[in-house]
Amino acid sequence: MVEKTPNRLPVHSQTQRPASGLGMRLVGTVLQIVGCLLLLITANRIRVTGTVLNSPYRSLPVWQTLLVTIGMLCAGVVVLYAGRRLSRHGRRHFTRVLRSPHELGSEPFVLFLRPFSEDRKTFQSGSAFSGHGSALSLFMSAGLETPSSRTVEEGISRTFQRFAKLVAVGQPGEKLPLPGADKLYLPLAGWQPIVSELLGRARLVILVAAPGPGTLWEFSEAVRILPPQQLILLVLSDDTPAHEPSAYDLFRRAVPEAFATRDTQVRPPRLPDCPPLRHPDRLLWEPAVRGIIRFDDAWTPEFVRLDPTAVRALTHLGRVKKLARQQIEPLLERLQRTLP
């Protein structure tokens, strides 16, 4: 199988330019700082607006004062958003690209598999918070809570880097590799033997549970090759209406047929329902990763739902850290004990 692997595989269509990427990151950082300052100044203006409007010594008419405040608010949001996008794009010039699976050598790695259609979610900005400089990270949906421009994939990479570096298959035809995992580009035909080889070499395999023939094949191959403890599934949040099946539901439904069409004696694991939120009426935001599924020795699944309604804190950042400490960290510790 290894002998059939080409020495050099296809790569992205544009050349990575670290100097340009560094410039984008520096300009993006400056824009984010300026955007944050504008928002802070605007917040202060809003706080004192009532006093100013009632003061006989105000220098501007009421409508001009309100117009300036609204303009500063819009400018702050736009500048912050532009800075995050520019910084995020600049990091694409620094993503490591593997020309061949042989470049991995004997070093351990975590294999990250997902349908390429999910890249639009994992490339979104998503806050990732660490405790005391550790790899403990939380993947969150995009928002203006923080100037960080880190993507969801970068958050996943930071979370699992305690096990090994993250390696993913790059999307064919993309201009530049997405930031986060190291990228390996495979040919459109004959990619299955290479993925099978990578599955057998990986210390841990992370697979995004979403429908797609390639992902279903990868799941069945992972179940065939791997010990149960070396496979986890990520369930991403989506915008599917409540009355329609989510991407995870569609994946669950397609799994039995995907296993049946392969000439193997492997039976598919029984995938659980997504657990409900503890307090649905308190939901204000949802993490980009809705849940994580791990398996025991008998392929019995454990679905860890990332539930922001189950934690309380005075601030949003406090809730994020508490969720990570109570819901993610115990799972990572269990994985650490069972992985080779």
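Residue numbers run from 1 in the order of the sequence given.
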S.K.: Which pair of heavy atoms, one from Trp299 and one from Pro227, lies closest together, and at what distance?
M.R.: CZ2-C, 4.3 Å
S.K.: Does the side-chain contact (heavy atoms from CB on, under 4.5 Å) test come out yes or no for Glu221 and Arg262, once each step is laid out?
M.R.: CA-CA 10 Å; Glu221 187 71 358; Arg262 297 197 62 186; 2.8 Å; yes
S.K.: If I take atom CG from residue Asn44 and atom CE from residue Met72, how far apart are they, to the nearest 0.5 angstrom?
M.R.: 9.0 Å
S.K.: Which heavy atom of Asp238 sits nearest to which heavy atom of Ala247, and what is that distance?
M.R.: OD2-N, 3.2 Å
S.K.: If you define the side chain from C-beta out and look only at heavy atoms, does anything of Phe303 sit under 4.5 Å from Cys274?
M.R.: yes
S.K.: Can you measure from CG (Leu184) to OG (Ser100) and round to the nearest 0.5 angstrom?
M.R.: 7.5 Å
S.K.: Hey, does Val205 have a side-chain heavy atom less than 4.5 Å from the side chain of Leu198?
M.R.: no
S.K.: Applying side-chain contact (heavy atoms from CB on, under 4.5 Å), run through Trp191 and Val169 and close with a yes or a no.
M.R.: CA-CA 10 Å; Trp191 57 269; Val169 176; over 6 Å; no
S.K.: Could you see if Leu216 belongs to whatever hydrophobic cluster contains Val266? Use Ile, Leu, Val, Met, Phe, Trp, Tyr and a side-chain cutoff under 4.5 Å.
M.R.: yes
S.K.: Taking the side chain as C-beta and beyond, is there a heavy-atom pair between Leu332 and Phe163 under 4.5 Å?
M.R.: yes
S.K.: Would you indicate whether the side-chain heavy atoms of Leu113 and Val208 approach each other to under 4.5 Å?
M.R.: no
S.K.: Just by distance, with hydrogens left out, do Thr151 and Glu154 show a side-chain donor and acceptor under 3.5 Å apart?
M.R.: yes
S.K.: Where the side chain of Arg294 meets the backbone of Ile232, is there a donor-acceptor pair that is under 3.5 Å apart?
M.R.: no
S.K.: Determine, using the 4.5 Å side-chain heavy-atom cutoff (strictly less than), whether Val311 and Leu277 are members of one ILVMFWY cluster.
M.R.: no
S.K.: State whether the side chain of Thr261 and the backbone N or O of Ala258 hold a donor-acceptor pair below 3.5 Å, judged by distance alone.
M.R.: yes
S.K.: If you look at every heavy atom in Pro193 and Gly190, which pair is closest and at what distance?
M.R.: CD-O, 3.3 Å
S.K.: Can you tell me how far the OG1 atom of Thr42 sits from the CG atom of Leu38, to the nearest 0.5 Å?
M.R.: 6.0 Å
S.K.: Using atom types as modelled and distance alone, determine if a side-chain donor or acceptor of Thr309 lies under 3.5 Å from a backbone N or O of Arg282.
M.R.: no
S.K.: Answer yes if the side chains of Arg224 and Ser220 hold a donor-acceptor pair under 3.5 Å, and no otherwise.
M.R.: no
S.K.: Spell out, yes or no, whether Leu250 and Val255 are grouped together once hydrophobic residues are joined by side-chain heavy atoms under 4.5 Å, including indirect joins.
M.R.: no
S.K.: Between the side chain of His93 and the main-chain N/O of Gln16, is any donor-acceptor distance below 3.5 Å?
M.R.: no
S.K.: Kindly check if the number of other-residue, nucleotide or ligand heavy atoms within 6.0 Å of CD (Glu244) is above 12?
M.R.: yes
S.K.: Does the Arg305 side chain pair with the main chain of Pro275, one donor and one acceptor, at a distance under 3.5 Å?
M.R.: yes
S.K.: Which atoms form the tightest heavy-atom contact between Pro287 and Ser237, and what is the distance?
M.R.: O-OG, 2.5 Å
S.K.: How long is the gap from CD on Gln327 to CD1 on Ile292, to the nearest 0.5 Å?
M.R.: 9.5 Å
S.K.: Are Leu80 and Leu31 close enough that some pair of their side-chain heavy atoms sits under 4.5 Å apart?
M.R.: no
S.K.: Using only atom types and a distance under 3.5 Å, with no angle test, would you say the side chain of Lys183 pairs donor to acceptor with the backbone of Ala181?
M.R.: yes
S.K.: Determine yes or no for a side-chain-to-main-chain donor-acceptor pair under 3.5 angstrom, with Ser196 supplying the side chain and Gln192 the backbone.
M.R.: no
S.K.: I want to check something: taking the side chain as every heavy atom from C-beta on, are Phe112 and Leu207 in contact at a cut-off of under 4.5 Å?
M.R.: no
S.K.: Counting only heavy atoms from other residues, nucleotides and ligands, does the tally under 6.0 Å from CD of Gln265 exceed 12?
M.R.: no
S.K.: Dump the intermediate steps for side-chain hydrogen bond (donor to acceptor under 3.5 Å, both in side chains) on Thr338 and Arg334, then the final yes or no.
M.R.: CA-CA 7 Å; Thr338 59; Arg334 292 195 296 273; over 6 Å; no
S.K.: For the CG atom of Leu226 and the CZ atom of Phe295, what is their distance to the nearest 0.5 Å?
M.R.: 11.0 Å
S.K.: Does any N or O in the side chain of Thr215 come within less than 3.5 Å of the main-chain N or O of Pro211, such that one atom is a donor and the other an acceptor?
M.R.: no
S.K.: Before accepting this row, confirm whether a basic side-chain N of the pair Glu329/Arg162 lies closer than 4.0 Å to the acidic partner's carboxylate O.
M.R.: yes
S.K.: Minimum heavy-atom separation for Arg88 to Pro179, with atom names?
M.R.: O-CG, 4.1 Å
S.K.: Give a yes or no on this: more than 12 heavy atoms of other residues, nucleotides or ligands lie within 6.0 Å of atom CZ of Arg270.
M.R.: no
S.K.: What verdict does the side-chain contact (heavy atoms from CB on, under 4.5 Å) test give for Leu176 and Thr95, after you've listed the backbone C-alpha separation in whole Å, the side-chain angles of each residue and the deciding distance to 0.1 Å?
M.R.: CA-CA 9 Å; Leu176 287 169; Thr95 302; over 6 Å; no
S.K.: With a 4.5 Å cut-off on side-chain heavy atoms, are Leu204 and Phe109 touching?
M.R.: no
S.K.: What distance separates Leu86 CG from Thr29 OG1, expressed to the nearest 0.5 Å?
M.R.: 9.0 Å
S.K.: For the hydrophobic clusters of this structure (ILVMFWY residues joined by side-chain heavy atoms under 4.5 Å, transitively), does one cluster hold both Val30 and Val27?
M.R.: yes
S.K.: Over 60° means perpendicular and under 30° means parallel, so classify the ring planes of Tyr248 and Phe251, tilted if in between.
M.R.: parallel
S.K.: Can you confirm whether the side chains of Tyr185 and Glu174 place a donor and an acceptor under 3.5 Å from each other?
M.R.: yes
S.K.: Give me the atom names and distance for the closest heavy-atom approach of Leu306 to Ile328.
M.R.: CD2-CG1, 3.7 Å
S.K.: Taking the side chain as everything from C-beta on, heavy atoms only, tell me whether Arg203 gets closer than 4.5 Å to Leu339.
M.R.: yes
S.K.: Is there a chain of hydrophobic side chains (I, L, V, M, F, W, Y, each step under 4.5 Å between heavy atoms) that links Leu323 to Leu284?
M.R.: yes
S.K.: Using atom types as modelled and distance alone, determine if a side-chain donor or acceptor of Arg278 lies under 3.5 Å from a backbone N or O of Pro308.
M.R.: no
S.K.: Under the criterion salt bridge (Lys or Arg N to Asp or Glu O under 4.0 Å), I'd like the reasoning laid out for Glu107 against Arg201: C-alpha separation, chi angles, the key distance, then a yes or no.
M.R.: CA-CA 10 Å; Glu107 55 185 322; Arg201 295 172 56 190; over 6 Å; no
S.K.: Between Arg290 (side chain only) and Asp307 (backbone N and O only), is there a donor and an acceptor less than 3.5 Å apart?
M.R.: no
